[in-house]
Amino acid sequence: MEKKISVVVDRSKCMGTMSCMYTTKGLFQLSDGKAQVKDIESHTVESILDAAEACPVSAITVSDEKSGKRLFP
């Protein structure tokens with residue numbers, strides 16, 4: 001069973017470089033020049049972490065929903 005996670009974009013940090021979008025297609029979309037979560041259900045935890053790690057300003061936080069433990073950053 002896949003781990004349930006939450007993904008949050010800190011829009012005050014996001015620079016709109018789209019690195020997360022290039023890394024994991026369909027996970028994020030741009031809104032007003034900033035990334036926002038579009039669809040986490042069809043992506044693996046690994047691909048979501050890859051996208052978060054690609055962000056040059058660490059604007060994406062990934063956490064385990066059940067425990068609340070931060071997986072990235």
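Because only heavy atoms are used, hydrogens play no part in the values below, and waters and symmetry mates are left out as well, while side chains stay in.
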Which residues pass the side-chain hydrogen bond (donor to acceptor under 3.5 Å, both in side chains) test with [X], sequence neighbours left out?
| X | value |
| --- | --- |
| Ser6 | none |
| Asp50 | none |
| Ser47 | Thr44 |

Using the side chain to side chain contact (heavy atoms under 4.5 Å, CB included) criterion, which residues pair with [X]? Sequence neighbours excluded.
| X | result |
| --- | --- |
| Ser42 | Asp39 |
| Val37 | Val7, Val9, Phe28, Ile40 |
| Thr61 | Ser63, Arg70, Pro73 |

Is it true that Ile60 and Leu30 fall in one hydrophobic cluster, defined by side-chain heavy atoms closer than 4.5 Å?
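Ile60 and Leu30: one cluster.
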For the pair [X] (side chain) and [Y] (backbone), establish whether a donor and an acceptor sit closer than 3.5 Å, ignoring hydrogens and angles.
| X | Y | value |
| --- | --- | --- |
| Lys69 | Asp64 | no |
| Arg11 | Ala59 | no |
| His43 | Gly26 | no |
| Asp10 | Ser12 | yes |

Would you sort out whether Thr24 and Ile48 count as a side-chain contact (heavy atoms from CB on, under 4.5 Å), showing the intermediate values?
CA-CA 7 Å; Thr24 305; Ile48 293 168; 5.5 Å; no
Just how far is it from atom [atom1] of [X] to atom [atom2] of [Y], taken to the nearest 0.5 Å?
| X | Y | atom1 | atom2 | result |
| --- | --- | --- | --- | --- |
| Tyr22 | Thr17 | OH | OG1 | 8.5 Å |
| Lys66 | Ile5 | NZ | CD1 | 15.5 Å |
| Cys20 | Gln29 | SG | CD | 11.0 Å |

Nearest atoms (heavy-atom pairs only) where Pro56 meets Ser19
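So the minimum-distance heavy-atom pair works out to CD-OG, 4.0 Å.
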So which atom in Ala51 and which in Leu27 form the shortest heavy-atom distance, rounded to 0.1 Å?
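Nearest heavy atoms, Ala51 then Leu27: CB-CD2, 3.9 Å.
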